[in-house]
Amino acid sequence: VKKGNVHDELYYKIDEDRINSKILDFTSPQFDAIYALSAPESIVAKSNASIFSLSLSKLDNISKFRALLPECDPQRMEPTVRRQK
């Protein structure tokens, strides 16, 4: 288990299988974040169609994405379900 401040970027090390993988699927263990930042938005959106779909609510806040992180990630938050009145 890693120790340190999980909110500090130095806490995270990019896995070798992610570097230059050119995988844009946010949910993939080999997701290449550096490539995603430089790739055209349309290609990133196409690779993550279920997230960017108009039929689903958009992730208008980064904190909403935290529920999609792997369970091992310290930044993950379990989604909360709102009760209907």
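- To the nearest 0.5 Å, atoms CG (N48) and CD1 (I43) are separated by 12.0 Å.
- For the residue pair Q75 and R66, the shortest heavy atom distance occurs at O-NE, 2.6 Å.
- Cluster annotation: Y35 is connected to V44 through the hydrophobic network of ILVMFWY side chains, with a link wherever side-chain heavy atoms come within less than 4.5 Å.
- The side chain to side chain contact (heavy atoms under 4.5 Å, CB included) check on F31 picks up F26, A33, A36, with sequence neighbours excluded.
- Panel note: side chain D32, backbone N20; a donor-acceptor pair is recorded below 3.5 Å.
- Between Q30 atom CD and R18 atom CZ the span is 8.0 Å, to the nearest 0.5 Å.
- Counted within 6.0 Å of CD1 on I34, heavy atoms from surrounding residues, nucleotides or ligands total 12 or fewer; the atom is thus considered open.
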